[in-house]
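Comments concern the structure below.
A note on names: the letters A, B, ... follow the listed sequences, proteins ahead of strands, and every chain is numbered from 1.
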Protein chains: 2
Amino acid sequence: MSGRKESILKAAERSFALFGYKGTTMDQVAKIANVGKGTIYTFFKNKEELFNEIIDQFIQRMKVIAEAAIDENDPFFVNLHRALYEILSFRKEHQFTIKITQEVKEFGTLPAKQALGKFEDAILSFLEKHIQLAIDKGELVKCDPKLTAFVMLRLYIAIVFEWEQRHEPLDKEEIASLFDLYFANGLEKNKKTC
Amino acid sequence: MSGRKESILKAAERSFALFGYKGTTMDQVAKIANVGKGTIYTFFKNKEELFNEIIDQFIQRMKVIAEAAIDENDPFFVNLHRALYEILSFRKEHQFTIKITQEVKEFGTLPAKQALGKFEDAILSFLEKHIQLAIDKGELVKCDPKLTAFVMLRLYIAIVFEWEQRHEPLDKEEIASLFDLYFANGLEKNKKTC
DNA sequence: AACTGACTAAATGACTATATTGGTCAATAA
DNA sequence: TTATTGACCAATATAGTCATTTAGTCAGTT
């Protein structure tokens with residue numbers, strides 16, 4: 001019969017999403033996937049590689065969502081906000097990343113940490129690409145795209161997730177206008193030469 | 001004899017700085033301070049209160065350093081950078097905060113967590129005050145001072161500490177010009193009406 | 001040739017014995 | 001009488017143990 005690899009991946013994703021990396025056993029994955037445990041090892045070198053394959057799949061899906069949020073005709077900051085919002089909502093709501101994030105906080109499981117690192121790298125390289133495009137188009141002032149991507153993501157996470165840990169959460173429109181205020185226009189009064 | 005409370009505080013600060021909250025024992029503090037253990041409890045209700053008194057002292061010193069960095073005649077962003085740099089350098093280099101930060105990461109010790117929270121709150125209220133002043137002076141556009149303080153601190157920490165975890169660290173001048181670029185002037189080209 | 005699950009060595013974690021620690025208070029010193 | 005002390009105690013943390021679980025293998029089955 002075919003589809004063995006797919007059913008293993010499906011079962012593993014489900015288990016990782018429910019129980020995390022540590023909490024998932026290969027026996028359990030085999031059982032859910034209705035295969036012998038040995039079969040898993042014909043497709044994946046070990047538990048970590050199975051986990052990584054699922055992460056890579058997940059990142060692929062994230063990329064599709066991010067690119068779908070970009071409209072060539074819209075200005076950079078509109079696209080930026082839409083894309084970041086979609087990506088981070090997706091991440092935040094998806095059981096898989098919730099569980100992995102929790103596991104990193106609670107146990108510091110190394111493969112889970114590396115997974116979050118991969119997510120961040122994917123987001124950063126997506127941002128970097130679009131920042132470079134915006135600079136080329138003349139929409140943004142000249143700046144280091146890598147550093148700018150890093151700062152933008154950090155700022156966005158601060159506004160969207162960290163602020164609401166101690167204050168009233170901000171809605172989508174507020175976030176967009178804050179991003180404009182802080183990042184697009186700048187806070188200084190009457191400085192820019194036009 | 002007098003100076004008992006002071007010598008307890010001194011001994012405790014030294015021990016907390018060397019061994020963290022968990023790693024510090026009341027027996028040890030008593031020994032270093034050359035007092036009987038019971039004496040500590042005549043001045044402090046318990047270990048946590050002793051710890052808090054030291055934190056409050058530390059924050060006081062931080063405040064002095066921060067205010068000293070402010071020069072009424074300089075523009076807001078010059079003062080901001082100078083003050084944040086001084087505060088965060090002070091924190092970064094001081095054995096006490098190094099140890100506490102490490103302890104929070106490693107064990108999540110609650111009193112240590114609360115201590116870091118207090119540090120952050122102190123910095124935030126300092127920033128908030130000076131942002132409000134700058135708005136009143138007409139140096140900054142109108143914005144929520146609390147939220148702006150929060151975002152500025154986050155951005156600053158990202159640039160100064162988090163960036164260097166995976167890249168070449170930025171020097172003082174670079175940091176200042178980045179802060180100007182991202183925050184004072186904004187990234188958008190030819191948008192501001194003058 | 002593809003697949004399986006009993007098997008093994010290694011890792012885990014429940015359990016317990018032991019040691020340490022925060023806090024108290026009767027005894028002591030001033 | 002008042003301030004100080006350190007032996008003491010209950011609570012907690014640590015170290016050591018061992019039965020259980022788990023990742024990964026491989027001889028045997030389909």
Side-chain angles (χ1 to χ4, degrees), chain A residues 1-16 18-55 99-100 102-104 106-115, chain B residues 1-55 99-100 102-115:
Chain A
M1 235 295 280
S2 81
R4 295 189 112 65
K5 188 174 178 183
E6 279 64 33
S7 71
I8 291 168
L9 280 168
K10 213 172 186 177
E13 179 170 0
R14 189 175 159 69
S15 182
F16 284 130
L18 282 171
F19 310 112
Y21 183 83
K22 266 181 41 142
T24 292
T25 70
M26 297 302 261
D27 277 303
Q28 195 183 39
V29 172
K31 211 179 210 173
I32 300 176
N34 259 91
V35 293
K37 191 164 57 154
T39 309
I40 299 176
Y41 289 88
T42 65
F43 293 111
F44 307 96
K45 209 177 82 225
N46 52 33
K47 188 181 179 181
E48 205 165 328
E49 206 173 78
L50 171 60
F51 184 59
N52 280 325
E53 202 132 330
I54 284 162
I55 289 163
K99 192 68 205 177
I100 296 306
Q102 184 204 321
E103 195 177 348
V104 170
E106 195 163 353
F107 307 109
T109 321
L110 190 65
K113 253 187 199 160
Q114 291 168 338
Chain B
M1 237 296 280
S2 80
R4 295 190 112 63
K5 189 175 178 182
E6 279 65 34
S7 72
I8 292 168
L9 279 169
K10 211 173 185 176
E13 179 170 1
R14 188 176 159 69
S15 182
F16 283 131
L18 283 172
F19 311 111
Y21 183 84
K22 267 181 40 142
T24 292
T25 70
M26 296 303 260
D27 278 301
Q28 197 183 36
V29 172
K31 211 178 212 173
I32 300 175
N34 259 90
V35 292
K37 190 164 58 155
T39 309
I40 299 175
Y41 289 87
T42 64
F43 294 111
F44 307 95
K45 212 176 80 226
N46 53 35
K47 188 181 181 181
E48 205 165 328
E49 207 173 77
L50 171 60
F51 184 61
N52 280 325
E53 203 132 329
I54 285 163
I55 290 162
K99 193 68 204 177
I100 297 305
Q102 185 204 320
E103 195 176 347
V104 169
K105 266 193 213 145
E106 194 162 353
F107 307 108
T109 320
L110 190 65
K113 252 186 199 162
Q114 291 168 337

Test: A:Lys5 and A:Glu53 ion pair at under 4.0 Å: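 Salt bridge flag = yes for A:Glu53 with A:Lys5.
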How does each nucleotide of nucleotides 21-30 of chain C score, in 5' to 3' order, for protein heavy atoms under 4.0 Å: base (B), sugar-phosphate only (S), or none (-)? SBBB------
Parallel, tilted or perpendicular: which one describes the rings of A:Tyr21 and A:Phe16, with boundaries at 30° and 60°?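 Because their plane-to-plane angle is under 30°, the rings of A:Tyr21 and A:Phe16 count as parallel.
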Could you tell me the separation between the [atom1] atom of [X] and the [atom2] atom of [N], rounded to a whole number of Å?
{"X": "A:Ile40", "N": "C:dG5", "atom1": "CD1", "atom2": "P", "value": "12 Å"}
{"X": "A:Lys31", "N": "D:dT22", "atom1": "NZ", "atom2": "C1'", "value": "14 Å"}
{"X": "A:Asn34", "N": "C:dT4", "atom1": "CG", "atom2": "C1'", "value": "13 Å"}
{"X": "B:Phe107", "N": "D:dT12", "atom1": "CZ", "atom2": "C1'", "value": "15 Å"}

OP1 or OP2 of C:dC3 versus the side-chain N and O atoms of A:Arg4: is any pair under 4.0 Å?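 True: A:Arg4 side-chain N/O within range (under 4.0 Å) of C:dC3 OP1/OP2.
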Is any side-chain nitrogen or oxygen of B:Thr39 closer than 4.0 Å to OP1 or OP2 of D:dT4?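 Checking D:dT4 against B:Thr39, no side-chain N or O comes under 4.0 Å of OP1 or OP2.
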Correct closest heavy-atom pair for B:Ile8 and B:Ala33 would be CA-CB, 3.8 Å
Of the non-hydrogen atoms in B:Lys99 and B:Phe19, which two are nearest, and what is the gap between them? CE-C, 3.6 Å
If a pair satisfies salt bridge (charged side-chain N to carboxylate O under 4.0 Å, His left out) and one of its residues is in residues 10-26 of chain B, list it, with sequence neighbours excluded. B:Glu13-B:Arg61
Any side-chain hydrogen bond (donor to acceptor under 3.5 Å, both in side chains) involving residues 27-40 of chain B? Give me the pairs, sequence neighbours left out, ordered by first then second residue. B:Ser15-B:Gln28
